[in-house]
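Here the structure is a predicted model, which means the values were calculated and not measured.
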Amino acid sequence: MAKLAIVNRDLKRRKTVKLYAEKRANILKILSDVNASQDDKILARIGLQKLPRNSSPVRLRNRCSLTGRPRGVYSKFALGRCKLRDIAMNGNIPGITKASW
């Protein structure tokens, strides 16, 4: 199980990303606009640099919702591979059965 501080840090990052998402989208829209002047683009770039680092969605990490494990996470279920297998073997996920041939 991942340390609680690391899981909480990831949750804090998710809140920050959600908080600054609209502002970041507006700045990126200016930067990608072909008709925008060079001065506007420079000001937009400076505004983008002033945003907090953790407001970038690239810094997010998919983690297991039960254990906080960072690797081997199935995004469809938000579970790590170990916990997904345990829950599926108990029959708690509809439509998933153990393969047999």
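Hydrophobic clustering keeps Ile42 apart from Leu31 (ILVMFWY residues linked when any side-chain heavy atoms are closer than 4.5 Å, directly or through intermediates).
Atom CZ of Arg61 sits about 11.0 Å away from atom CD1 of Ile6, to the nearest 0.5 Å. Atom CD1 of Ile30 sits about 10.5 Å away from atom CG of Leu48, to the nearest 0.5 Å.
No donor-acceptor pair closer than 3.5 Å links the side chain of Ser55 to the backbone N or O of Leu51. A donor-acceptor contact shorter than 3.5 Å is absent between the side chain of Asn92 and the backbone of Ala88.
Contact of the Lys12 side chain with the Asn54 side chain is not registered, since no non-hydrogen atoms from C-beta on lie closer than 4.5 Å. When side chains are defined from C-beta on, Arg63 does not count as touching Arg69, because their heavy atoms never get closer than 4.5 Å. Within the 4.5 Å cutoff, side-chain heavy atoms of Leu11 are placed close to those of Asn8. Contact of the Leu84 side chain with the Ile93 side chain is registered, since non-hydrogen atoms from C-beta on lie closer than 4.5 Å. In this structure, the side chains of Phe77 and Ile96 come closer than 4.5 Å at one or more pairs of heavy atoms.
Around the NZ atom of Lys23, the shell of radius 6.0 Å holds no more than 12 heavy atoms that belong to other residues, nucleotides or ligands. More than 12 heavy atoms of other residues, nucleotides or ligands lie within 6.0 Å of CZ in Arg59, so this atom counts as buried by the packing criterion.
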Tell me, with the steps shown, if Arg14 and Arg9 meet side-chain contact (heavy atoms from CB on, under 4.5 Å). CA-CA 9 Å; Arg14 290 185 186 280; Arg9 184 187 310 158; over 6 Å; no
Trace of the side-chain contact (heavy atoms from CB on, under 4.5 Å) decision for Cys64 with Arg81: CA-CA 9 Å; Cys64 176; Arg81 57 184 173 80; over 6 Å; no
Run Leu79 and Leu66 through side-chain contact (heavy atoms from CB on, under 4.5 Å) and show every step you take. CA-CA 7 Å; Leu79 293 172; Leu66 297 178; 3.7 Å; yes
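When all heavy atoms are compared, the tightest approach of Arg24 to Ser56 is NH2-N, 3.6 Å.
Salt bridge Lys29/Asp33: absent, no basic N to carboxylate O contact under 4.0 Å.
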